[in-house]
Amino acid sequence: MSEETKSLNFIEQIIEEDLKSGKYTEIVTRFPPEPNGYLHIGHAKSIVLNFGLSQKYGGTTNLRFDDTNPIVEDIEYVESIMNDIHWLGYDWGGKEHYASDYFDQLYEFAQKLIKKGLAYVDDSTIEEIKEMRGTPTKPGIESPYRNRSVEENLDLFERMKNGEFEDGSKVLRAKIDMASPNMHLRDPIMYRIKNAFHHRTEDKWKIYPMYDFAHGQSDAIEQITHSICTLEFETHRPLYNWFIDKLEIFPSRQIEFARLNLNYTIMSKRKLLQLVEEEIVEGWNDPRMPTISGMRRRGYTPEAIRNFCNRIGVAKRENIVDVALLEFSVREHLNKIALRRMVVTEPVKLIITNYPDGQTEWFDIDNNPEDENAGTRKVPFSKEVYIEKSDFMIDPPKKFFRLGPGRSVRLKNAYKVTCDDYKLDDEGNVKEIYCTYHPNSKSGQPDTSGIKVKSTIHWVNVADAVPIQIRLYDRLFNDEAPDGHKDKDFMHFINHDSLKILDGYGEVNMKDATMEDKFQFLRMGYFTMDFESTADELVFNRTVTLKDAWAKSRGKK
RNA sequence: UGUCCCAUAGUGUAACGGUAGCACUACAGUUUUUGGUACUGUCUGUCGAGGUUCAAAUCCUCGUGGGACAACCA
C-alpha cells in the first residue's frame, strides 16, 4: 500500500486516465480464448492481467469463448479452459459468454453495413481474392463484384445464410480500400460459408463471421471498456475501429501488449499439440508441459503462477523471460507452505552397529521451520536407516561435507554418526554403510559428544519406510530458444532425459499424503503427489529442485 | 521497396524533462541441525549520430537493429 511502490504499467496508466477523466466509472475487460486447445502459461499472463485489472480498479472481467470457427472448436476445450481459470483463482460471475451468442446480432450488423453500401458479396474464389489483395508493398485491385447493388447484396447474403451456396463459393466483404497500406483494410472478409456443425449453435448457421467481424462487435455488445490483446493484432486495430465507427456501436478500446515467451520453452499451440501427438509427452497435462494443467500436475500453485505473472510486468516490447524467474516464484511459495518430509530417493542402507537391536525412538520434528503453525510430526528411528546414495563417498574430495570412511555427519533431528566401514556389492557399488552413533548428541538436547560435523543429512527408518516412486522432471528442451532457429526444427532440441523415475523410500508419515499435497523432501526439492499414485506405490512429481550450491559447484568442474 | 509497433544491466520491468531504481540470475560473504531459508555485499545498463533545453533514458530528426501485417484461422 505504500506510495513509493506504485509503478504502473502502460495499460494501468490508460485506465487511470480514463477513470480520472470520467470517461468510465468502472471498467470491463474480457478474456477471450478460442476453445480449440488447452491454456498455457502465456494465457495465464493474459488472465492475470485482465482479471487483475478489474479487481484493482473495480469492474468485471468476462470470460468469452471466441467460437467462430466450428471446424476446430470443441466443448472439451471450453470445459478445460473454465477449469483452469477457476484453478488459477478467478471467477467470471458465473455466466460465460460466447461469440456464438451474438450470431443473430452480428448478422444484423452485417446487413446494416450492406445497406450503407459498405459491404458486398463476392463470388471470387479463394485464389482470386488472394491474387487481388496484392502484397504489403503492392496495392490490390478491386473485385468485379465490388459494386453490386444493395438489394442484390442483401438478397445474396440472406441466401448465403440460408445455405443455398456451397462452402467457399461466396463471402461477404467490407468495402474499404484495396490500395490501403494496411492489408487488413483491403476489403476484409466478414463472413464465409461453412456447412459445419457448431458445438453450441449446432446446424443453425451456414455462415460464420471472421475474427475481425466478431471480436470487436462482441466487445461492443458486452460493453468492454478495454479490450486487451497481444501485439500481432496491432495492425487489426484500424479495422476494429472502422467497424465501431460504421456500425455506431459501443467504442471499446483495443490495447495490445507483448505476449509471454519463456526460454527453454515453446508456447505455440500447434507445437504443443505435436509434442502430444508424437508422444514426446504423455498428454496436455504432462508435468513437463507449459500448460496450466501440466504445471498444476507438476506441483505449481496458483499463487506462484499469479506472482510470476505480476513480476514479469506488461509492456509492448518483445521479451523472453528466464524460466529461473518462474522457478523462483514456485520455490518462494512452496518454501512457505510445503510440509517437510524425509524421503530417500536412491537408498543405501546405513547400519548403526552400536544402536540397541529392536529399539525404536520417536522424534518430534517440525513440519515446516518457516511456519510455526505447521506443527510437528513423529518420526521413528532405529538401528537401520536409509540414506541418500549421494551422501556417501568412499574417497571424498575435501569440499564434500557429507559421509565417508572416518567422517561424521548428523542424521537430521537424531544423532551424530561416524562411519567406520562399508560394504560393496558385486558391481562395486556401496551396499551398506556401518556407523557408530553418539548417544550424547541426541537432537534437542545439549550436545556433549564433542564430535564436529560439517553437514546434516536426511534419512528414513528402514522398518517402516514407505515405498515411493519419484518422478524427476527436467526441461523439455536443451536449447534456450527451441523454436528460434531458422535451420533447425524445434523437435531437434528435445531433451530425451527430461524424465527420470526413481524408486525410493519415504518416512512413515508419507502414508497420509493425498492428491496434490505439496511437500519439501528435505534437501531434495519440492514434490507433489500425482494422481497415478496407488495403494501400493505413491507417486510424486518433482516440481522444482531446491537451490543447490553444492550441485552447482560440482557441475562446473 | 509499403504501413504499423518496439529498443534501459545477462533476463524482465520502473523512472512521464531534474540523483538511472527494483526483481530474477551470476558471484562473494554472514547465519543455519536442509550445501535450503534469511541477511549482506559485488559485477553489469539508457542502440548510434545529430538537434531542442540550464538540464534528455524521456522531446524532435536521421540512422541501426528487432518484430507484426499478404488464412474464407484466432
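Here is how names work: the chains are called A, B, and so on, in the same order as the sequence lines, proteins then strands, and each is numbered from 1.
Of the candidate nucleotides B/C73, B/C69, B/G35, B/C73 has the atom nearest to the side chain of A/Glu34. Closest to the side chain of A/Phe401, from the set B/A7, B/G12, B/G35, is B/G35. Side-chain proximity of A/Lys547 to B/C72, B/C69, B/A26: nearest is B/A26. If you check B/A14, B/A70, B/A68 against the side chain of A/Thr235, the one that comes closest is B/A68. Side-chain proximity of A/Lys412 to B/U33, B/C24, B/A74: nearest is B/U33.
To the nearest whole angstrom, the two P atoms, one in B/A23 and one in B/C39, are 10 Å apart. Taking atom C1' on both nucleotides, B/G29 is separated from B/G48 by 40 Å, rounded to a whole Å. When the C1' atom is used for both B/C47 and B/U25, the distance is 23 Å, rounded to whole Å. Between B/U31 and B/G67, the two P atoms lie 50 Å apart (nearest whole Å). Rounded to whole Å, the separation between the P atoms of B/C5 and B/A9 comes to 22 Å. Taking atom P on both B/C72 and B/U13, the two are 33 Å apart, rounded to the nearest angstrom. Between B/U58 and B/C6, the two P atoms lie 15 Å apart (nearest whole Å). For the C1' atoms, the distance linking B/U61 with B/A56 amounts to 15 Å, nearest Å.
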Under the salt bridge (charged side-chain N to carboxylate O under 4.0 Å, His left out) rule, what do A/Glu222 and A/Arg64 come out as? Steps first, then yes or no, please. CA-CA 10 Å; A/Glu222 295 176 16; A/Arg64 181 174 72 233; 3.1 Å; yes
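Among the duplex regions that RNA chain B forms, those built from at least three successive Watson-Crick or G-U pairs under 3.5 Å are B:2-7 with B:64-69, B:10-13 with B:21-24, B:26-30 with B:38-42, B:47-51 with B:59-63, ordered by first number.
Both thresholds, 5.5 Å between centres and 30° between ring planes, are not jointly met by A/Tyr211 relative to the base of B/A74, so the two rings are not stacked.
Stacking of A/Arg341 on the aromatic ring of A/Phe519 is not recorded, the 6.0 Å distance cut-off and the 45° axial limit not both being met.
Within 4.0 Å of A/Ile312, counting heavy atoms only, lie sugar-phosphate atoms of the nucleic acid but no base atom. Among the protein residues, A/Met524 comes within range of no part of the nucleic acid, since none of its heavy atoms lies under 4.0 Å from any strand. Contact annotation for A/Glu370: base contact, defined as any heavy-atom pair under 4.0 Å involving a base atom.
Counting distance only, with no hydrogens placed and no angle test, the side-chain atoms of A/His236 and the base atoms of B/A74 include a donor-acceptor pair under 3.5 Å. Not a single donor-acceptor pair, N or O on each side, falls under 3.5 Å between the base of B/U34 and the side chain of A/Thr456. Checked by distance alone, A/Arg402 brings a side-chain donor or acceptor within 3.5 Å of a matching partner on the base of B/G35. At a cut-off of 3.5 angstrom, the base of B/U34 holds no donor-acceptor pair with the side chain of A/Arg523.
Between A/Ser143 and A/Tyr120, the closest side-chain pair of non-hydrogen atoms falls below 4.5 Å.
Taken from CE in A/Met267 to NE2 in A/His43, the straight-line distance is 9.5 Å, to the nearest 0.5 Å. Taking NE2 from A/His215 and CG from A/Asp66, the interatomic distance works out to 5.5 Å, rounded to the nearest 0.5 Å.
Contacts between residues 130-142 of chain A and RNA chain B, counted as heavy-atom distances below 4.0 Å, involve A/Lys130, A/Arg133, A/Gly134, A/Thr135, A/Pro136, A/Thr137.
Taking syn as a glycosidic angle within 90° of 0, B/A71 qualifies as syn.
Exactly one residue among A/Arg173, A/Lys170, A/Arg148 makes a salt bridge (charged side-chain N to carboxylate O under 4.0 Å, His left out) with A/Asp122. That residue is A/Arg173. A/Ser227 pairs in a side-chain hydrogen bond (donor to acceptor under 3.5 Å, both in side chains) with only one of the listed residues (A/Arg30, A/Arg253, A/Gln254), which is A/Arg30.
With no hydrogens or angles considered, no side-chain donor-acceptor pair links A/Glu388 and A/Ser390 at under 3.5 Å.
Ring geometry for A/Phe103 against A/Trp205 counts as perpendicular: the plane angle is over 60°, on a 0 to 90° scale with 30° as the lower cut. Ring orientation note: the planes of A/Tyr208 and A/His198 are close to parallel, at an angle under 30° on the 30°/60° scale.
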